[in-house]
Each structure stands twice: as structure tokens, then as C-alpha cells.
Amino acid sequence: MYRVVVKKYGDPDTLEYIKADSERINNKSVKIRVHACGVNFADILTIKGRYQERPRPPFSPGLEISGKIIKVGKNVSNHKVGDLVMSIMKYGGYRSEVIVPSENTYKVPEKMPLTIAAGFPVTYGTAYSALVTKAKIKKGEICIILGATGGVGIAAIEIAKALGAKVIACGGDDTKLKSCKKKGADFVINYKKNILRNELARINAKEINVVIDMIGGQSCLDSIKSLKWNGRLVIVGFASGTIPDIPANRLLLKNASALGLYWGELAHRKPKEIGKDFLKLGNLYKKQLINPSNHKIFKLKNANKALNYLLERKNIGKIVLEVK
Ligand SMILES: NC(=O)c1ccc[n+]([C@@H]2O[C@H](COP(=O)([O-])OP(=O)(O)OC[C@H]3O[C@@H](n4cnc5c(N)ncnc54)[C@H](OP(=O)(O)O)[C@@H]3O)[C@@H](O)[C@H]2O)c1
């Protein structure tokens with residue numbers, strides 16, 4: 001088997017693609033022949049040693065994969081050899097073969113191609129937890145998505161629309177925002193060019209029920225000023241590089257809540273609940289209410305190019321690595 005490996009923390013170009021021995025499974029694990037791996041923003045931070053998870057080199061990055069089960073441990077009852085699955089892990093996905101606990105392995109939704117399933121768990125799982133588990137979004141509510149042009153953002157647009165919310169997608173690039181419109185956003189706002197509050201007034205959406213924030217910084221602070229009574233802000237990421245100091249008085253005045261989401265950790269603490277979320281997402285997929293897609297596919301051995309592409313912000317949504 002082959003793996004992409006970090007031998008020393010650094011930039012994507014320090015990654016190596018090497019041949020490695022196949023490993024033995026334990027009683028509760030499954031061995032999967034990987035079809036494709038999802039690429040995430042967190043992978044860049046992990047290989048630099050700047051993520052919450054700080055594995056010691058040498059290690060392979062990668063939070064999610066899809067593939068076919070080729071072996072199951074003695075105590076595994078929920079999966080069998082031949083099943084098409086997607087798995088999540090804290091790192092270690094950039095390999096042609098992985099061994100994963102069976103509880104973190106889920107059936108691929110019916111009729112979903114493996115190349116799509118590889119990039120589905122983290123973005124759609126995170127967006128679903130943010131909107132449903134945390135914000136408890138209701139039909140007819142108004143939702144702002146900050147960082148709507150990224151993988152999690154696009155998933156959040158689709159899910160919020162499928163649940164009957166009105167969606168305002170916010171990003172910093174007009175071309176990318178056009179894609180958000182195609183994915184179903186009711187309105188788009190470029191927060192680099194315009195003042196968020198003014199734009200909300202222009203589209204007659206002065207008060208917002210739910211904010212899903214992947215960006216942090218000034219956009220987050222601006223959105224808090226527009227929260228409605230009982231509004232909910234879900235903190236998902238800080239892609240702007242700035243962690244906002246959230247003004248508690250604003251939350252108090254609107255009887256509002258700020259909620260943190262660390263989906264990767266949640267998924268390992270509550271694997272069964274995440275499995276239920278995937279079943280619900282699978283139903284939305286079956287009914288064609290969500291339509292996950294990949295922006296670009298790279299080969300596993302070119303993982304460095306994929307990560308540089310993400311770093312240069314060229315992606316609109318998901319990138320995956322195919323094992324060929
Ligand atoms: N809490 C969790 O459990 C969890 C789970 C998944 C992801 N995340 C985090 O959520 C964030 C988004 O993840 P993703 O997978 O959607 O990433 P992605 O596909 O790479 O998208 C990144 C998004 O961030 C925006 N962005 C990038 N750099 C920026 C900057 N300097 N200033 C403002 N906006 C910037 C991009 O917008 P434009 O290029 O359009 O401006 C794009 O919308 C990341 O920080 C990631 O670590 C958290």
C-alpha cells in the first residue's frame with residue numbers, strides 16, 4: 001500500500017508519497033481499500049503542527065475516506081467484507097489502505113459515488129450538526145452563512161435550504177458567490193466589498209435567526225449585531241485567522257446564544273449520533289434535496305498540489321484525492 005507522510009511539520013511541499021507495509025487489524029476495526037480521501041482545511045494546519053490534534057511525525061494526514069471493506073475484526077457486527085463505506089479519523093486518511101474502528105465507519109448513502117462520499121462526512125456532517133444539533137434551525141428562519149463559499153459553507157447552504165430556511169450566503173469572492181446562488185442561496189453578500197449590516201438592510205433582512213460562522217474576525221462581530229431575539233450563533237472555524245472577542249452584552253440584549261462546535265471530536269465521542277445524522281443526510285440525498293459535488297479531484301500522490309490549491313483559495317467547495 002501507499003501513504004502520504006509528514007516526516008517533519010511543514011508546508012504541503014514537504015509531504016512524501018511512500019510505499020508502506022499493510023498493517024494488522026484489531027478485533028474492533030475494519031480494513032478498507034481506499035477509493036478516495038477528502039481534503040480539508042484542517043489538514044494544512046495538521047501538517048504544520050498547528051491544529052488541535054498534534055500527531056508526532058511520521059504520520060499521514062487526512063480526516064475522511066471512502067472505499068471498500070476488505071477485512072473485518074472478530075468483534076465487528078455492523079460491517080462486512082465488500083461493504084462500500086466512508087470513515088472518519090483524527091488523522092491518517094491519506095493512504096491507499098486504512099484500518100479504522102468499525103464505530104467510525106458508515107455505509108455510503110444509497111447511489112452516492114465513492115468519489116463524492118470521500119468528501120461528504122466532514123463538510124456535510126459539520127454543517128448538519130451546526131444547523132440541526134446546535135442551532136435547531138426551523139422552517140422559515142433566516143440563516144447567515146459566513147464562509148459560504150467553502151466546503152462546509154456550501155454543504156450548509158444546501159442543508160439549510162432543504163430544511164426550509166431562508167439562506168444568506170456570505171463570502172469574499174463574487175465568482176465563488178455565484179456558485180452559492182446555484183447551490184440554492186436566496187441572497188449572496190460579498191463582505192469584503194460591502195458592509196454586512198448595510199447589505200442586510202438592503203435585502204430587508206435586518207434581523208437574523210441563525211449565524212453559521214466558519215470565518216471569525218470582523219464578519220462574526222458584524223453578524224452578532226444583527227441577531228434576532230433568541231438568535232443563535234454557531235462557531236465552526238476561524239478561516240480569517242482572527243478569533244473574535246464576542247460581546248456578551250449583545251447576546252444578553254437579544255436573549256441569544258453563542259455555541260461552539262468541534263465536530264471532529266463530537267464524531268469520536270458520539271459515533272452513533274453522527275451515524276443517525278448520516279442516515280438523515282442520506283435521505284436528503286435520496287430525495288435530491290442535497291447535491292454534494294467535488295470542485296476538483298487530484299491523485300493521492302499529488303496531495304501537496306491539492307493542499308496548495310486550497311491554501312491559494314482556488315477551491316469552491318470540496319477537493320478530494322483519488323487513489324489510482
Ligand atoms: N469546528 C469544526 O468541527 C470544523 C469542521 C470543519 C471545518 N472547520 C473549519 O471551518 C473553516 C472552513 O472549512 P472548509 O472545509 O469549508 O474550508 P474551505 O473549503 O477551504 O473554505 C474556506 C472558506 O474560508 C474562506 N477564507 C479562507 N481564508 C480566508 C481569509 N483569510 N479571510 C476570510 N475568509 C477566508 C474562504 O472564502 P473566500 O475564499 O470566498 O473568501 C472559504 O469560504 C476552516 O477554518 C475549518 O478549519 C471546523
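Just so you know, ligand 1 is whichever comes first in the structure, and atom 1 is the first atom listed for that ligand.
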(request) With the side chain counted from C-beta on, respond yes when K48 and D11 share a heavy-atom pair under 4.5 Å apart, and no when they do not. (result)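 With C-beta onward as the side chain, the pair touches.
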Listed pairs under 3.5 Å, donor-acceptor, residues 72-86 side chains, sequence neighbours left out:
{"from": "H79", "atom 1": "ND1", "to": "K107", "atom 2": "NZ", "distance (Å)": "3.0"}
{"from": "H79", "atom 1": "NE2", "to": "T105", "atom 2": "O", "distance (Å)": "2.8"}
{"from": "K80", "atom 1": "NZ", "to": "D83", "atom 2": "OD1", "distance (Å)": "2.9"}
{"from": "D83", "atom 1": "OD2", "to": "K80", "atom 2": "N", "distance (Å)": "3.0"}
{"from": "D83", "atom 1": "OD2", "to": "K107", "atom 2": "NZ", "distance (Å)": "3.4"}

Provide, line by line, the atom pairs where ligand 1 and the protein bring an N/O atom each to a distance under 3.5 Å; else say none.
{"from": "ligand 1", "atom 1": "1 (N)", "to": "V236", "atom 2": "O", "distance (Å)": "2.7"}
{"from": "ligand 1", "atom 1": "1 (N)", "to": "L261", "atom 2": "O", "distance (Å)": "2.7"}
{"from": "ligand 1", "atom 1": "3 (O)", "to": "W263", "atom 2": "N", "distance (Å)": "2.6"}
{"from": "ligand 1", "atom 1": "16 (O)", "to": "G151", "atom 2": "N", "distance (Å)": "3.1"}
{"from": "ligand 1", "atom 1": "16 (O)", "to": "V152", "atom 2": "N", "distance (Å)": "2.9"}
{"from": "ligand 1", "atom 1": "19 (O)", "to": "G151", "atom 2": "N", "distance (Å)": "2.8"}
{"from": "ligand 1", "atom 1": "19 (O)", "to": "N315", "atom 2": "ND2", "distance (Å)": "3.2"}
{"from": "ligand 1", "atom 1": "28 (N)", "to": "R313", "atom 2": "NE", "distance (Å)": "3.4"}
{"from": "ligand 1", "atom 1": "31 (N)", "to": "R313", "atom 2": "NH1", "distance (Å)": "3.4"}
{"from": "ligand 1", "atom 1": "37 (O)", "to": "T149", "atom 2": "OG1", "distance (Å)": "3.2"}
{"from": "ligand 1", "atom 1": "39 (O)", "to": "K176", "atom 2": "NZ", "distance (Å)": "2.8"}
{"from": "ligand 1", "atom 1": "39 (O)", "to": "R313", "atom 2": "NE", "distance (Å)": "3.2"}
{"from": "ligand 1", "atom 1": "39 (O)", "to": "R313", "atom 2": "NH2", "distance (Å)": "3.4"}
{"from": "ligand 1", "atom 1": "40 (O)", "to": "T149", "atom 2": "OG1", "distance (Å)": "2.6"}
{"from": "ligand 1", "atom 1": "41 (O)", "to": "R313", "atom 2": "NH2", "distance (Å)": "2.5"}
{"from": "ligand 1", "atom 1": "43 (O)", "to": "G147", "atom 2": "O", "distance (Å)": "3.4"}
{"from": "ligand 1", "atom 1": "43 (O)", "to": "T149", "atom 2": "OG1", "distance (Å)": "2.7"}
{"from": "ligand 1", "atom 1": "43 (O)", "to": "G150", "atom 2": "N", "distance (Å)": "3.1"}

For residues 20-40, which side-chain donor-acceptor pairs fall under 3.5 Å, sequence neighbours excluded?
{"from": "S22", "atom 1": "OG", "to": "K31", "atom 2": "NZ", "distance (Å)": "2.9"}
{"from": "S22", "atom 1": "OG", "to": "E97", "atom 2": "OE2", "distance (Å)": "2.4"}
{"from": "N26", "atom 1": "OD1", "to": "K28", "atom 2": "N", "distance (Å)": "2.9"}
{"from": "N26", "atom 1": "OD1", "to": "S29", "atom 2": "N", "distance (Å)": "3.2"}
{"from": "N26", "atom 1": "OD1", "to": "S29", "atom 2": "OG", "distance (Å)": "2.8"}
{"from": "K31", "atom 1": "NZ", "to": "E23", "atom 2": "O", "distance (Å)": "2.9"}
{"from": "H35", "atom 1": "NE2", "to": "T115", "atom 2": "OG1", "distance (Å)": "3.3"}
{"from": "N40", "atom 1": "OD1", "to": "K318", "atom 2": "NZ", "distance (Å)": "2.8"}
{"from": "N40", "atom 1": "ND2", "to": "E64", "atom 2": "OE2", "distance (Å)": "2.9"}

(request) Check whether more than 12 heavy atoms from other residues, nucleotides or ligands sit under 6.0 Å from atom NZ of K228, and answer yes or no. (result) no
(request) Just jot down the ring-ring contact (aromatic ring centres under 6.0 Å, His included) partners of F278, sequence neighbours excluded, or say none. (result) Y106
(request) Indicate whether any N or O donor in one side chain lies under 3.5 Å from an N or O acceptor in the other, for Y124 and E158. (result)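 Per modelled atom types, Y124 and E158 side chains form a pair under 3.5 Å.
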